[in-house]
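A quick write-up on the structure given underneath.
In what follows, chains are A, B, ... by sequence order, proteins preceding strands, each numbered from 1. Fair warning: this is a prediction, and the values are worked out from it, not measured in the lab.
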Amino acid sequence: MLIRTHTCGQLRESDVGKSVRLNGWVNSYRDHGNLIFIDLRDRYGLTQVVFDKESGLSAGAMDAADKLRNEDVIACEGMVRVRVGGENPKLATGKIEIVVDKLEVLAKTDNPPFLPDDLSKLPNEELRLTHRYIDLRRPSMQRILSTRHKVYQTTRRYFDENGFLEVETPILYKSTPEGAREFLVPNRHVPGSFYALPQSPQLFKQILMVAGCDRYMQICRCFRDEDPRADRQAEFTQIDLEMSFVRREQVMEAMEGFVRRLWKEIAGHDVPPMRRMSYREAMEDYGIDRPDTRYDLKTRDISAFAGKMDFAIFKNALEKGKDRPAFNSRKGVVKALRVPGGAEKLTRKITDGYTEFVKTFGAGGVAVVKVVKGEDGQPRLDTGIAKFLEPLKGEFLALLGCEVGDTVLFVADVYSVATKAIGELRQRVARDMGMVPRSGAEGGPWNFLWVVDFPMFERNKDTGKWVAMHHPFTSPNDDQMQAFLDANEEDEVTIEGIVSAGYDVVLNGQEIAGGSVRIHDRAVQSKVFKLLGMTPDQAKEKFSFLLEALAYGAPPHAGVAFGLDRLVMNFVGTDNIRDVIAFPKTQTGADLMTRAPSPVPEGQLRDVHIKSIAPPA
RNA sequence: GGGGCGGUAGCUCAAUUGGUUAGAGUACCGGACUGUCGAUCCGGUGGUUGCGGGUUCGAGUCCCGUCCGCCUCGCCA
């Protein structure tokens with residue numbers, strides 16, 4: 001074989017006169033009969049190679065060149081020369097060409113289902129996934145693989161420099177039925193027993209702290225058997241960390257340092273110090289725990305004002321959970337979103353669609369008010385609820401600081417529903433108004449912020465029981481510790497107000513990392529389990545190994561996990577998580593290339609003591 | 001589990017209100033061509049309209065079911 005001396009992205013004018021060998025795929029061919037041009041491709045680039053009958057090329061080689069087609073794999077040898085037909089400015093190697101004197105066809109291809117070409121329209125994602133090896137040949141996919149590689153390398157370098165120890169944790173793990181549904185793996189030795197694939201290495205990394213590792217990191221695969229989304233995959237990758245002898249501030253500092261390093265090295269961007277926002281502020285002003293602050297739209301609780309309106313829909317909403325404390329999920333509220341300049345851009349057709357939109361989040365609908373210029377030159381309210389709003393017009397305009405040209409949208413429901421609906425609506429409106437800037441990868445802003453002070457507990461809306469908002473090992477924040485230990489478990493208002501030492505990193509409205517200070521004190525842990533309705537025996541049954549470990553000298557510790565796939569998505573500017581995973585799965589968990597999952601022979605099932613009850617295919 | 005969109009030649013798409021032989025570009029095959037660069041020109045092959053039923057004189061088009069993919073709610077940190 002003619003082993004390559006250079007790659008297809010390497011040769012320049014300074015190489016003219018050299019005899020070289022190239023290997024690669026035929027990216028395109030231009031056949032002029034006695035003169036054939038091939039653009040040869042590898043992951044480094046394209047180089048034009050020329051087959052010229054008059055340049056001493058054997059007839060056999062010319063015939064072989066004549067038969068070359070896209071995606072054939074070849075090796076060739078020839079001389080680098082300045083292009084006879086003039087430069088091609090589109091190529092890095094565009095000033096030179098190789099005039100071939102030896103050709104070796106390494107592999108002929110069947111007619112490929114599609115060409116790995118970034119210029120033409122992409123085929124179905126289904127087809128791309130089925131023939132992933134062709135899709136990945138596309139330069140843009142190669143760039144993504146390369147960016148992902150750089151993220152791995154920068155990550156390892158940063159944490160290594162900062163004293164972190166990389167430790168692998170098991171993939172075959174104990175089922176801990178909290179949180180997401182797990183993938184199960186049957187065990188051959190103990191009939192009827194199963195491993196689970198880890199949702200995250202959470203408990204292992206805490207145990208590593210007890211084990212004295214002090215600082216741990218791992219780039220690890222996590223598994224959650226839940227329905228995927230555009231930015232979610234059942235099998236995904238985390239950058240997982242844990243630190244000993246720290247409180248919240250030290251972890252946040254380490255994380256911010258990592259973010260700064262990563263963005264500097266991957267995107268060439270200097271991340272300024274990140275602002276902090278409380279969970280409550282995020283929910284109040286943005287209706288979501290990962291606010292996108294790239295555009296200036298805020299939601300507002302106007303319950304007090306709405307209560308003065310003689311409007312049945314608002315009144316009925318406000319009646320709900322009337323006696324509950326503020327921010328209680330079941331307390332009725334009216335939320336408003338003032339959209340500057342919305343009166344013109346948000347047409348009737350668009351705002352009509354908002355009602356359908358908020359219904360998907362359980363809200364009843366959206367009330368719309370346009371502030372327009374009246375005949376008297378004063379603001380006039382153009383709205384279906386004029387009858388109820390008109391008497392309070394002055395107060396309304398002043399309350400929201402409305403100006404002519406604004407649109408105000410209202411959602412009334414219990415706190416949890418209204419807040420979510422108006423928060424989602426806010427993002428929808430921002431898109432409709434054209435307020436969402438380009439992505440960071442496309443030169444737009446990188447808007448980082450911390451969200452902190454999450455509640456420790458929230459009520460499950462079906463069972464009414466307390467559940468841990470983050471996970472049951474999350475510590476109350478230091479300033480809340482005594483209040484938590486003193487709190488009466490029956491005292492709903494106090495319990496609801498306890499804030500954890502959790503922290504999330506939010507980038508452009510996306511959660512890219514989250515973590516918390518862990519509980520290392522047994523009294524605190526017991527109280528958490530008790531609140532979650534777990535008896536000591538039940539807690540022991542589920543988490544005995546962790547509780548035992550914590551009993552043998554556990555240092556205070558805290559940690560965090562970054563969603564690596566989402567980091568890469570940001571760097572390459574895609575909103576499709578499958579683009580940043582070499583071999584992703586579909587929405588039903590299928591790998592279209594390998595055709596996993598698949599049935600297995602009966603005997604294999606017997607070995608692991610499994611009998612399928614699925615109807616025969 | 002629910003809602004929405006889609007599936008027509010290898011690929012990207014078209015096909016009027018349900019109407020005659022389902023078209024185009026590209027790829028592929030054959031031919032021509034010595035300076036192209038998404039080569040060009042001439043000719044050709046290529047279809048279970050995802051699959052199964054139904055309505056109809058007639059179905060790519062309408063109805064029912066089903067499979068697959070995507071988006072999304074629930075779910076998921």
Using 30° and 60° as the class limits, which term best fits the ring planes of A:H471 and A:F473: parallel, tilted or perpendicular? tilted

Please verify the inter-ring angle class for A:F114 with A:H131; under 30° counts as parallel, over 60° as perpendicular, anything in between as tilted. perpendicular

Just call it for [X]: base, sugar-phosphate, or nothing, with non-hydrogen atoms closer than 4.0 Å on any strand.
{"X": "A:I36", "value": "nothing"}
{"X": "A:A590", "value": "sugar-phosphate"}
{"X": "A:F37", "value": "base"}
{"X": "A:R41", "value": "nothing"}
{"X": "A:N111", "value": "sugar-phosphate"}

OP1 or OP2 of [N] versus the side-chain N and O atoms of [X]: is any pair under 4.0 Å?
{"X": "A:T586", "N": "B:G69", "value": "yes"}
{"X": "A:R30", "N": "B:A39", "value": "yes"}
{"X": "A:K359", "N": "B:G3", "value": "no"}

Looking at [X] and [Y], does any basic side-chain N land under 4.0 Å from a carboxylate oxygen?
{"X": "A:D240", "Y": "A:K205", "result": "yes"}
{"X": "A:D289", "Y": "A:R280", "result": "no"}
{"X": "A:R137", "Y": "A:E71", "result": "yes"}
{"X": "A:R148", "Y": "A:D565", "result": "yes"}
{"X": "A:E511", "Y": "A:R566", "result": "no"}

Taking atom [atom1] in both [N] and [M], what distance in whole Å separates the two?
{"N": "B:U56", "M": "B:G47", "atom1": "C1'", "value": "24 Å"}
{"N": "B:C64", "M": "B:U55", "atom1": "P", "value": "15 Å"}
{"N": "B:G50", "M": "B:U8", "atom1": "C1'", "value": "10 Å"}
{"N": "B:G44", "M": "B:G19", "atom1": "P", "value": "29 Å"}
{"N": "B:U61", "M": "B:G52", "atom1": "P", "value": "13 Å"}
{"N": "B:C67", "M": "B:A9", "atom1": "P", "value": "22 Å"}
{"N": "B:C62", "M": "B:G18", "atom1": "C1'", "value": "8 Å"}
{"N": "B:C71", "M": "B:C11", "atom1": "C1'", "value": "23 Å"}

Nearest-angstrom distance from the residue atom [atom1] of [X] to [atom2] of [N]:
{"X": "A:I577", "N": "B:C70", "atom1": "CD1", "atom2": "P", "result": "13 Å"}
{"X": "A:F114", "N": "B:G10", "atom1": "CZ", "atom2": "C1'", "result": "11 Å"}
{"X": "A:R83", "N": "B:C37", "atom1": "CZ", "atom2": "C1'", "result": "7 Å"}
{"X": "A:R595", "N": "B:C67", "atom1": "CZ", "atom2": "C1'", "result": "13 Å"}
{"X": "A:K121", "N": "B:A14", "atom1": "NZ", "atom2": "P", "result": "8 Å"}
{"X": "A:K67", "N": "B:G31", "atom1": "NZ", "atom2": "C1'", "result": "14 Å"}
{"X": "A:E71", "N": "B:A27", "atom1": "CD", "atom2": "P", "result": "13 Å"}
{"X": "A:L68", "N": "B:C29", "atom1": "CG", "atom2": "P", "result": "11 Å"}

Going by purine N1 to pyrimidine N3 plus the second Watson-Crick contact, or the G-U wobble pair, all under 3.5 Å, which nucleotide sits opposite [N]?
{"N": "B:G30", "result": "B:C42"}
{"N": "B:G25", "result": "B:C11"}
{"N": "B:C70", "result": "B:G4"}
{"N": "B:C62", "result": "B:G54"}
{"N": "B:C37", "result": "none"}

Below 3.5 Å, does any donor atom in the side chain of A:E126 face an acceptor in the base of B:G50, or the other way round? no

Listed partners of A:F529 passing ring pair (Phe, Tyr, Trp, His ring centres under 6.0 Å), at least two apart: A:F543

Residue pair A:G86/A:L122 against RNA chain B: nearer the 5' end by closest nucleotide is A:L122

In terms of the nearest nucleotide of RNA chain B, which residue is placed more toward the 5' end: A:N88 or A:N124? A:N124

Of the options [options], whose atoms approach the side-chain atoms of [X] most closely?
{"X": "A:R69", "options": "B:C11, B:G35, B:C28", "answer": "B:C28"}
{"X": "A:D31", "options": "B:C33, B:C28, B:G35", "answer": "B:C33"}
{"X": "A:T588", "options": "B:G35, B:G38, B:G69", "answer": "B:G69"}
{"X": "A:L119", "options": "B:G38, B:G10, B:G35", "answer": "B:G38"}

Just by distance, do the side chain of A:T419 and the backbone of A:G287 share a donor-acceptor pair under 3.5 Å? no

Contact state string [nucleotides 71-77 of chain B, B base, S sugar-phosphate only, - no protein heavy atom under 4.0 Å]: BBBBBBB

A:S598 and A:R595: CA distance, side-chain angles, deciding distance, side-chain contact (heavy atoms from CB on, under 4.5 Å) verdict: CA-CA 7 Å; A:S598 59; A:R595 304 212 177 204; 5.9 Å; no

